[in-house]
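Below: one structure, written as structure tokens.
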Protein chains: 2
Amino acid sequence: MNTETSISTEEAILVAARKVFELKGFDGARMQEISDRAGINRALLHYYFRSKDKMFERIFDEALERFMPLLSTWDQDPDESWELKLKRFVRTFITFLKANSMLFLLREIIRKPDLLTSRTKKYRKGLNKFVLYFERLKLEGQIRSDLDSRHIYIIIYSLCSFPLMNAIVFSYSLRISTKEYDELMAGYPEIISNLLIQLLKHQNN
Amino acid sequence: MNTETSISTEEAILVAARKVFELKGFDGARMQEISDRAGINRALLHYYFRSKDKMFERIFDEALERFMPLLSTWDQDPDESWELKLKRFVRTFITFLKANSMLFLLREIIRKPDLLTSRTKKYRKGLNKFVLYFERLKLEGQIRSDLDSRHIYIIIYSLCSFPLMNAIVFSYSLRISTKEYDELMAGYPEIISNLLIQLLKHQNN
DNA sequence: TTTACTTTTAACAAGATTGTTAAAACACTA
DNA sequence: TAGTGTTTTAACAATCTTGTTAAAAGTAAA
């Protein structure tokens, strides 16, 4: 097996496929468009990945593999204060989302809900670490106790995810270019970190 | 023209088409599935709407027509306090999103960005009312002045939209049923209204 | 150079999907 | 009931898309 060339074309295909699947979704993606983008003959896609389905599963699983670990990083560094942990999380998560399309995952899950239940089993254990972490903070009296941890979870992820997922609509309705929107969002992680910390702190009224 | 029957079948088709387009997206939607759902022959879809494209445009435009006015209701009732206005907006917007899929719009816009620029011109004027409104509140000293109005805009819409768009993933990762998620979200509008008000008020530190 | 193996291509087959059309069924009025 | 126009259907045509295959091109070792 000629590892040299096969890896590079396989990688070229994956890069192209990722892009096309993200842009058009599984149903809108065309094998022809993927091979054109990769600069190779369409039959090669089948040579390397057998079928469109198999290729998609590979892309989808790799996206999950990158994405899921981010959702369960709340029990590391027990010495770190929750404020710092939160800041670090928001920064990391947003940086990640800038480079990886979460909308892709969501769109495909809605198209085929089966994807969520069949392909994420191994991650599910880590998913409630967030809620457990904030439950503990509440018990320890470190944050206000009148908020449901699940709401906190939802709020934090919404503030991190949606501004990037919806960038195209936000920039349009704010009448700025996507470049200007990126600039506007440069300070965003810092801002919502501070807002969230302010919210979670004990209230003095 | 037999108005009686034609309106009811046309409406049946539209209901079915909306559902299928929302679930599968334009590319995944099949004319056959739509006609099955509507309980009619597939050729009737073409009789009423000529083509899949035309039918989609109708659905898409109607969705925009319902959605866009919600984004520009900030200059009515000048006597209403901003707190009340915000509460009312959050409640209305979330109620609306529960019944109408915003993900549908976003997904199709990403598939074909042209849809955004070509079919939303008439709404664009109203879109910056929000930002203008909050700019004015800042000038009048009614809310804290250190936040960018555009960030406020993004934060409010993110908190309202994403928990509903992403319901399927949130309920999965919280390990609760969609029914339980709905129950969890019953109190959500009230909660984020209060959080937002708290955030926007002048800081006392 | 020959041989054996891998990679790539062009051409083809099978199936799915949209859109058309001619005729049947229906509804309503004279 | 006969006639007129509308609604609905079944069958068909055209196109697009995925996937297969046999052969060509490339690579590396004997």
Side-chain angles (χ1 to χ4, degrees), chain A residues 1-62 104 107-108 110-112 114-115, chain B residues 1-62 104 107-108 110-112 114-115:
Chain A
M1 189 178 71
N2 188 332
T3 323
E4 177 60 45
T5 61
S6 76
I7 282 202
S8 73
T9 56
E10 186 175 333
E11 193 49 44
I13 292 174
L14 283 174
V15 168
R18 247 184 314 261
K19 193 71 184 173
V20 175
F21 280 134
E22 278 173 14
L23 246 39
K24 309 288 181 73
F26 177 82
D27 292 312
R30 294 286 163 263
M31 299 298 267
Q32 188 64 56
E33 185 175 351
I34 293 172
S35 61
D36 285 351
R37 229 177 222 274
I40 46 105
N41 185 285
R42 194 169 59 79
L44 264 189
L45 302 182
H46 294 96
Y47 176 74
Y48 281 103
F49 299 97
R50 279 206 89 69
S51 70
K52 187 182 179 185
D53 273 285
K54 289 252 191 320
M55 197 163 75
F56 175 79
E57 277 180 15
R58 169 79 174 270
I59 304 279
F60 187 85
D61 285 348
E62 283 182 4
F104 162 69
R107 185 219 283 136
E108 302 303 334
I110 282 165
R111 171 183 69 89
K112 197 155 172 281
D114 183 50
L115 286 170
Chain B
M1 190 177 72
N2 188 331
T3 324
E4 176 60 44
T5 60
S6 77
I7 282 200
S8 74
T9 55
E10 186 174 333
E11 193 48 45
I13 292 173
L14 283 174
V15 169
R18 246 183 317 261
K19 192 70 184 176
V20 175
F21 280 133
E22 278 173 15
L23 247 39
K24 309 288 181 73
F26 177 81
D27 292 312
R30 294 287 163 260
M31 299 298 265
Q32 188 63 56
E33 185 175 352
I34 293 173
S35 61
D36 285 351
R37 230 176 222 272
I40 47 106
N41 186 285
R42 195 168 58 78
L44 264 189
L45 302 181
H46 294 96
Y47 176 73
Y48 281 102
F49 298 97
R50 279 206 89 70
S51 70
K52 185 182 180 185
D53 273 286
K54 290 253 189 319
M55 195 162 78
F56 175 79
E57 278 180 14
R58 168 81 174 269
I59 304 279
F60 187 84
D61 285 347
E62 284 182 5
F104 163 69
R107 185 218 281 133
E108 301 303 334
I110 284 167
R111 171 182 68 88
K112 196 155 171 281
D114 184 49
L115 286 171

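All chains are named by letter (A, B, ...) in the order of the sequence lines, taking the proteins before the strands, and each is independently numbered beginning at 1. Below, all heavy atoms of this structure are taken into account, side chains as well, without hydrogens, waters or symmetry copies. Predicted model, so just to flag it, every value in this text is computed and none were measured.
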Does [X] have any side chain to side chain donor-acceptor pair (under 3.5 Å) partners at least two apart in sequence or in another chain, and if so, which?
X: B:Glu22; answer: none
X: B:Arg111; answer: B:Glu108
X: A:Lys19; answer: none

Fill in: Residues which pass salt bridge (Lys or Arg N to Asp or Glu O under 4.0 Å) with A:Glu57, listed by chain and number, not counting sequence neighbours
A:Arg119
Discussion item. Restricting to salt bridge (Lys or Arg N to Asp or Glu O under 4.0 Å), what partner residues turn up for B:Arg30, sequence neighbours left out?
Written reply: none
Worksheet item: Closer than 4.0 Å, any side-chain N/O of A:Ser51 to the OP1 or OP2 of D:dT18?
Response: no
Practice prompt. Give a yes/no answer on whether the side chain of B:Thr9 brings an N or O atom under 4.0 Å of OP1 or OP2 in D:dT8.
Written response: yes
Write down the distance between [atom1] ([X]) and [atom2] ([N]), rounded to a whole number of angstrom.
X: A:Ile13; N: C:dT7; atom1: CD1; atom2: C1'; result: 11 Å
X: A:Met55; N: D:dT17; atom1: CE; atom2: P; result: 14 Å
X: A:Leu44; N: C:dA10; atom1: CG; atom2: C1'; result: 12 Å
X: B:Asn41; N: C:dT18; atom1: CG; atom2: P; result: 14 Å
X: A:Tyr48; N: D:dG19; atom1: OH; atom2: C1'; result: 18 Å

Worksheet entry | By ring-ring contact (aromatic ring centres under 6.0 Å, His included) - contacts of B:Phe49 (at least two apart) |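 ring-ring contact (aromatic ring centres under 6.0 Å, His included) check on B:Phe49 returns nothing, list empty.
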Considering only distance and modelled atom types, tabulate donor-acceptor pairs under 3.5 Å from the side chains of residues 35-43 of chain A, sequence neighbours left out.
{"from": "A:Ser35", "atom 1": "OG", "to": "A:Met31", "atom 2": "O", "distance (Å)": "3.3"}
{"from": "A:Ser35", "atom 1": "OG", "to": "A:Gln32", "atom 2": "O", "distance (Å)": "2.9"}
{"from": "A:Asp36", "atom 1": "OD1", "to": "A:Gln32", "atom 2": "NE2", "distance (Å)": "3.1"}
{"from": "A:Asn41", "atom 1": "OD1", "to": "A:Ala43", "atom 2": "N", "distance (Å)": "2.8"}
{"from": "A:Arg42", "atom 1": "NE", "to": "A:Gln32", "atom 2": "OE1", "distance (Å)": "3.4"}

Discussion item. Please compare A:Asp53 and B:Tyr47 by the position of their nearest nucleotide in DNA chain D and report the one closer to 5'.
Written reply: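 Final value for this comparison: B:Tyr47.
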Discussion item. If you take any heavy atom closer than 4.0 Å to DNA chain D, which residues from residues 14-40 of chain B end up in contact?
Written reply: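 Listed by number, they are B:Ile40.
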Discussion item. Would you call the rings of A:Phe21 and A:Phe26 parallel, tilted or perpendicular, taking 30° and 60° as the class edges?
Written reply: parallel
Worksheet item: For nucleotides 20-25 of chain C, read 5' to 3', which letter fits each nucleotide if B means a protein heavy atom sits under 4.0 Å from the base, S means only the sugar-phosphate is that close, and - means neither?
Response: BB----
Discussion item. Less than 4.0 angstrom from a charged side-chain N to a carboxylate O is my criterion; do B:Glu11 and B:Arg18 meet it?
Written reply: yes
